[in-house]
Amino acid sequence: MSSAPLAEDAEPCEQGPAGPLFVPVRPGPVGVSPRFFRTPLGFRTAVGFTSERRLTTLLGVHHPRIRLSEPALRALAAPLGVALVTVDPLFSAPRAGSRTSSAQLARPVRVPSRGHALR
């Protein structure tokens, strides 16, 4: 009885390109450039959305955007040291310095005890 050699465990397959993405941009002196965000661990990431609706739900209707393929987005991000691309993120923290900070969002609600008036 011959047994075939055991194959090594395969690495998880990388997902293929996501196709045309809606990429958030910021205006610059000679056009627009992709906006980069940070992951919860602080790594810089380029972001793309598979639908305009997903982008507007997370960033707002008036957020500027362009269409780019995932490889094109990676090519723009790589020279800036950004190797990570996030497609369709589910949430975004408020921008630093905005009126509603994440600390304000996480602040517990204090319920006054009896006999105390609200100030």
Side-chain angles (χ1 to χ4, degrees):
M1 217 195 263
S2 69
S3 63
L6 296 175
E8 291 184 34
D9 288 339
E11 292 291 325
C13 294
E14 278 191 33
Q15 292 183 345
L21 298 172
F22 291 89
V23 177
V25 295
R26 71 177 67 217
V30 291
V32 295
S33 61
R35 281 195 57 200
F36 298 110
F37 295 82
R38 294 214 178 258
T39 68
L41 296 176
F43 297 107
R44 288 178 66 197
T45 182
V47 173
F49 295 86
T50 55
S51 74
E52 196 167 21
R53 189 181 118 263
R54 289 179 186 229
L55 182 142
T56 59
T57 298
L58 196 64
L59 299 176
V61 176
H62 300 292
H63 197 89
R65 65 199 70 116
I66 59 172
R67 294 292 302 253
L68 285 176
S69 68
E70 184 179 342
L73 180 57
R74 287 184 186 281
L76 287 172
L80 301 172
V82 179
L84 185 61
V85 173
T86 303
V87 177
D88 290 330
L90 298 177
F91 64 92
S92 171
R95 175 179 255 175
S98 66
R99 291 184 190 186
T100 306
S101 69
S102 58
Q104 290 170 325
L105 293 175
R107 184 179 296 149
V109 176
R110 186 171 180 202
V111 179
S113 60
R114 291 185 190 179
H116 290 91
L118 294 174
R119 297 182 191 182

Worksheet item: Hey, quick one: are Phe22 and Leu58 part of the same hydrophobic cluster, counting side-chain heavy atoms closer than 4.5 Å, chains of contacts allowed?
Response: yes
Fill in: Value rounded to 0.5 Å, distance of CZ in Arg67 from CZ in Phe49
13.0 Å
Discussion item. Quick check: do Leu21 and Glu70 have side-chain heavy atoms less than 4.5 Å from each other?
Written reply: yes
Fill in: Quiz item: cation-pi between Arg44 and Phe37, 6.0 Å / 45°
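Because its charged atom misses either the 6.0 Å distance or the 45° angle limit, Arg44 does not stack over Phe37.
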Worksheet item: Hey, are the side chains of Arg26 and Pro64 touching, using non-hydrogen atoms and a 4.5 Å cut-off?
Response: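 A side-chain contact under 4.5 Å is absent here.
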Practice prompt. Would you sort out whether Val23 and Leu55 count as a side-chain contact (heavy atoms from CB on, under 4.5 Å), showing the intermediate values?
Written response: CA-CA 8 Å; Val23 177; Leu55 182 142; over 6 Å; no
Worksheet item: How is the hydrophobic cluster of Leu41 composed, in terms of its other members, when Ile, Leu, Val, Met, Phe, Trp and Tyr link through side-chain heavy atoms under 4.5 Å apart, directly or indirectly?
Response: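 Once heavy-atom contacts under 4.5 Å are chained together, Leu41 belongs with Phe43.
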Discussion item. Would you say that Pro24 contacts Arg65 through its side chain, given a criterion of any heavy-atom pair below 4.5 Å between the two side chains?
Written reply: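 When only atoms from C-beta onward are counted, Arg65 and Pro24 do not touch, as no gap falls below 4.5 Å.
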List, one per line, each side-chain donor-acceptor pair under 3.5 Å for residues 80-90, sequence neighbours excluded.
| residue | atom | partner | partner atom | Å |
| --- | --- | --- | --- | --- |
| Thr86 | OG1 | Thr45 | OG1 | 2.8 |
| Asp88 | OD1 | Thr50 | N | 2.9 |
| Asp88 | OD1 | Thr50 | OG1 | 3.3 |
| Asp88 | OD2 | Thr50 | OG1 | 2.6 |
| Asp88 | OD2 | Arg54 | NH1 | 3.3 |

Worksheet item: Can you hop from Val32 to Leu73 via hydrophobic side chains spaced under 4.5 Å?
Response: yes
